[in-house]
**Student:** 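Just dropping this structure here.
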2 protein chains.
Amino acid sequence: MNSKLGLLEPLESVSMTDRVENILREYFTENAFKPGDALPNELEIAQKLNVSRNVVREALSRLRMLGMVEARPRRGMIMSQPDLLAGIEKVLNPFILSQSNQKDIFELRLILEMGIAEFLFARKTQKDLDELEQIVEKQKTLPVLSKEDEIEFHGKLYDMTGNETFQRFQSLLFPVFEHVFASMTNQKDNYVLVDPVSHADLFNILKDGTPEAFRKAMHKHLEVYYNTIKK
Amino acid sequence: MNSKLGLLEPLESVSMTDRVENILREYFTENAFKPGDALPNELEIAQKLNVSRNVVREALSRLRMLGMVEARPRRGMIMSQPDLLAGIEKVLNPFILSQSNQKDIFELRLILEMGIAEFLFARKTQKDLDELEQIVEKQKTLPVLSKEDEIEFHGKLYDMTGNETFQRFQSLLFPVFEHVFASMTNQKDNYVLVDPVSHADLFNILKDGTPEAFRKAMHKHLEVYYNTIKK
DNA sequence: ATCTTTACATTTGTCCTACAAATATAATAG
DNA sequence: CTATTATATTTGTAGGACAAATGTAAAGAT
């Protein structure tokens with residue numbers, strides 16, 4: 001006996017708060033609550049569910065953090081539009097994320113960077129191109145690009161996708177990406193090597209080229225990162 | 001006076017719980033808490049911060065939801081590895097997300113689908129290809145592909161990226177994606193039209209082709225979706 | 001001295017009461 | 001009918017209480 005008992009996970013103890021949180025979210029969706037709709041007050045919920053007001057408040061506290069409900073002191077609670085990235089924002093911290101998750105995020109950035117080509121070409125404007133060109137011209141005068149320069153150029157690309165969530169998402173991913181790459185290359189003295197494809201090259205393709213050519217160039221540009229990925 | 005007062009947002013009232021939540025997260029990172037590390041108990045935190053235990057528990061309840069801390073009843077709390085997607089999972093619900101966020105997620109899926117080519121080719125195995133071929137062969141016999149068939153094929157592709165987070169992320173995005181597309185095309189009678197590039201075509205390229213060719217084909221495959229994106 | 005049993009202290013989960021403060025509503029006065 | 005006043009409502013916060021199970025210390029047995 002006791003041979004493989006170590007492999008048995010303890011079944012996660014579901015607290016009252018966990019259950020109330022789930023019940024409330026189901027209640028909201030099943031009853032088609034819309035932003036602005038008034039919610040039953042805390043005491044009412046507690047009595048209906050036969051739990052203390054404390055438990056209800058702990059569950060509601062979570063939903064408030066997600067932006068799902070809004071509490072207006074002394075006026076009751078209303079349904080609200082959740083903040084899509086509020087939850088992930090708080091855990092996107094290289095110092096508390098698992099190595100595995102950090103690796104996943106590192107790769108996710110590479111995936112995103114390659115995937116945006118279509119949207120860049122579909123939505124680029126002359127104003128965008130002018131602004132991007134200004135960034136590129138400024139960087140041409142520099143002997144070497146800093147991390148901030150990288151962020152400035154690629155950040156502008158995310159802007160140009162016209163997708164607000166994606167743009168914010170990327171800025172959250174970036175610190176983790178940098179952290180992963182830094183910890184992989186802490187021996188190397190040269191942080192930014194000579195780019196086989198420069199920002200200027202990418203800009204020119206975005207101006208006059210095709211999505212396909214852009215992706216091909218972006219892949220070259222990110223080669224140093226792609227070379228780190230393992231089977 | 002009062003001319004553009006309507007544009008002024010009320011400054012969000014930061015509750016004690018909000019502040020304690022932030023303080024605790026800062027405290028964890030600044031003191032380099034690692035998974036498994038013991039945390040001060042609730043009463044201690046409350047006294048140090050000069051707030052009631054209720055407030056501390058509401059803040060901790062949020063961090064527990066994110067998987068950042070784990071409470072072991074009667075044995076104290078320990079730091080834990082946060083669940084990267086726990087927060088976003090609860091709000092990825094088409095019925096409560098804003099139209100704008102839904103659009104962003106729709107586009108994000110298109111971005112991701114185009115970006116995975118590199119990883120598919122880097123990590124594909126014979127076993128993966130065999131399994132994918134089986135899916136393709138089965139679908140060849142069908143007169144028309146259902147939503148489930150789409151999920152099965154593309155889901156297998158996400159599997160093959162070897163990125164666990166990405167794979168889970170995608171499965172969360174999918175319902176929203178479907179919802180957005182369904183609401184855009186609710187007049188049309190034909191849900192799945194004749195694909196200009198079939199799953200079989202994609203499979204063959206993945207087997208013997210190049211990432212570039214794959215992306216080109218994938219773009220054709222997703223053409224019906226790409227056609228909906230607006231400048 | 002070592003092992004076993006017992007008692008105690010600890011800590012989270014849950015419940016309860018209480019009250020301040022500001023808003024919305026009802027009641028009253030002008 | 002309007003203006004003022006009083007009342008009720010509801011969240012935010014504080015604080016007390018206790019069950020239950022765990023770890024630890026103390027006491028007892030061999």
Side-chain angles (χ1 to χ4, degrees), chain A residues 5-6 8-25 27-28 33 35-80 82, chain B residues 5-6 8-25 27-28 33 35-80 82:
Chain A
L5 207 59
L8 276 177
E9 296 280 326
L11 54 96
E12 76 277 8
S13 70
V14 179
S15 66
M16 284 296 176
T17 301
D18 291 331
R19 291 167 61 186
V20 171
E21 182 215 318
N22 290 330
I23 287 171
L24 284 177
R25 280 192 291 105
Y27 170 72
F28 294 153
F33 272 82
D37 288 354
L39 267 50
N41 68 49
E42 297 174 348
L43 211 57
E44 222 171 317
I45 296 172
Q47 285 165 351
K48 285 271 184 195
L49 300 181
N50 199 31
V51 293
S52 75
R53 195 179 148 218
N54 275 3
V55 168
V56 173
R57 276 189 63 83
E58 286 187 22
L60 286 170
S61 176
R62 299 175 175 184
L63 303 186
R64 273 200 300 274
M65 180 184 68
L66 300 176
M68 201 182 292
V69 311
E70 190 181 332
R72 301 166 306 169
R74 306 154 210 80
R75 283 189 296 160
M77 295 177 290
I78 58 171
M79 204 63 193
S80 181
Chain B
L5 207 59
L8 276 176
E9 295 281 324
L11 54 96
E12 74 277 8
S13 71
V14 179
S15 66
M16 284 294 176
T17 301
D18 291 332
R19 291 167 63 187
V20 171
E21 182 215 317
N22 291 330
I23 288 172
L24 284 177
R25 279 191 293 106
Y27 170 72
F28 294 152
F33 273 81
D37 288 354
L39 266 51
N41 67 50
E42 296 174 351
L43 210 56
E44 222 171 316
I45 296 173
Q47 285 165 351
K48 285 272 185 195
L49 300 181
N50 199 32
V51 294
S52 74
R53 197 179 147 218
N54 276 351
V55 168
V56 173
R57 277 190 63 82
E58 285 185 22
L60 285 170
S61 177
R62 299 176 175 183
L63 303 186
R64 273 199 298 275
M65 182 184 67
L66 299 176
M68 200 181 291
V69 310
E70 188 181 332
R72 300 167 306 169
R74 303 152 211 82
R75 284 188 297 160
M77 293 177 290
I78 57 172
M79 205 63 192
S80 181

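Lettering of chains follows the sequences in order, A, B, ..., and the numbering in each one begins at 1.
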**Student:** Assess, by modelled atom type and distance only, whether the side chains of Asn22(A) and Arg25(A) contain a donor and an acceptor separated by less than 3.5 Å.
**Tutor:**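 Looking only at side-chain atoms, Arg25(A) and Asn22(A) do form a donor-acceptor pair, the distance falling under 3.5 Å.
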**Student:** Using atom CE of Met16(A) as one end and atom P of dT12(C) as the other, report the distance to the nearest whole Å.
**Tutor:**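 Atom-to-atom, Met16(A) to dT12(C), this comes out as 19 Å.
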**Student:** Are the side chains of Met77(A) and Arg72(A) in contact, using a 4.5 Å heavy-atom criterion?
**Tutor:**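 With C-beta onward as the side chain, the pair stays apart.
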**Student:** Of the nucleotides dT23(C), dG12(D), dG13(C), which one has an atom closest to the side chain of Arg64(B)?
**Tutor:**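 From the listed options, dG13(C) comes nearest.
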**Student:** Give the C-alpha distance, both sets of side-chain angles, the deciding distance and a yes or no for side chain to side chain contact (heavy atoms under 4.5 Å, CB included) between Asp37(A) and Phe28(A).
**Tutor:** CA-CA 10 Å; Asp37(A) 288 354; Phe28(A) 294 153; over 6 Å; no
**Student:** Please tell me if Ser52(B) has a side-chain N or O lying less than 4.0 Å from either OP1 or OP2 of dA14(D).
**Tutor:**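 Answer yes for this pair, as a side-chain N or O of Ser52(B) is under 4.0 Å from OP1 or OP2.
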**Student:** Counting only distance, no hydrogens or angles, is the base of dG16(D) paired donor-acceptor with the side chain of Arg53(B) under 3.5 Å?
**Tutor:**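 Side chain to base: no pair below 3.5 Å.
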**Student:** May I have the distance from Glu58(A) (atom CD) to dT12(C) (atom C1'), rounded to whole angstrom?
**Tutor:**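 Roughly 10 Å, once rounded to whole Å.
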**Student:** Where does the angle between the aromatic ring planes of Phe33(B) and Tyr27(B) fall among parallel (under 30°), tilted (30 to 60°) and perpendicular (over 60°)?
**Tutor:**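 Tilted: the ring planes of Phe33(B) and Tyr27(B) meet at 30° to 60°.
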**Student:** Output the rounded distance in Å from CG (Leu49(A)) to P (dC15(C)).
**Tutor:**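 In whole Å, dC15(C) P and Leu49(A) CG are 11 Å from each other.
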**Student:** Send over the distance from Ile45(B) CD1 to dG15(D) P, rounded to a whole Å.
**Tutor:**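 Between P of dG15(D) and CD1 of Ile45(B): 16 Å.
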**Student:** Pick the nucleotide of DNA chain C nearest each of Pro73(A) and Ser15(A); which residue has the one closer to the 5' end?
**Tutor:**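 Result of the comparison: Ser15(A).
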**Student:** Answer with yes or no whether Asn54(B) presents, from its side chain, a donor or acceptor under 3.5 Å of a partner atom in the base of dG12(D).
**Tutor:**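 Side chain to base: no pair below 3.5 Å.
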**Student:** Under 4.0 angstrom, heavy atoms only, what part of the nucleic acid is Arg74(B) near: base, sugar-phosphate, or nothing?
**Tutor:**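 The answer is base, as Arg74(B) lies within the cut-off (heavy atoms under 4.0 Å) of a base atom.
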**Student:** Look up atom CZ in Arg62(A) and atom CE in Met65(B), then write down how far apart they are to the nearest 0.5 Å.
**Tutor:**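 Nearest 0.5 Å value for the CZ-CE distance: 6.5 Å.
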**Student:** State whether the distance check finds a donor on one side and an acceptor on the other, under 3.5 Å, for side chain Arg72(B) versus base dG13(C).
**Tutor:**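 Checked by distance alone, the answer is no.
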**Student:** Figure out the CZ/C1' separation between Arg19(A) and dG13(C), and round it to whole Å.
**Tutor:**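 Whole-Å distance recorded here is 13 Å.
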**Student:** Would you mind classifying the nucleic acid contact of Asn41(B) as base, sugar-phosphate or nothing, using non-hydrogen atoms under 4.0 angstrom?
**Tutor:**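 Counting heavy atoms under 4.0 Å across all strands, the contact made by Asn41(B) is with sugar-phosphate only.
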**Student:** Between P on dA8(D) and CG on Leu43(A), what's the gap in Å once rounded to a whole number?
**Tutor:**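 Taking CG of Leu43(A) and P of dA8(D), I get 17 Å after rounding.
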**Student:** Report the distance from atom CZ of Arg57(B) to atom C1' of dT14(C), rounded to the nearest whole Å.
**Tutor:**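 It works out to 8 Å between those atoms.
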**Student:** Glu42(B) or Val55(A): which one's nearest nucleotide on DNA chain C is closer to the 5' end?
**Tutor:**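 Result of the comparison: Glu42(B).
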**Student:** Could you give the CD-to-C1' distance, from Glu70(A) to dT10(D), as a whole number of Å?
**Tutor:**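 Checked: the CD to C1' distance equals 15 Å.
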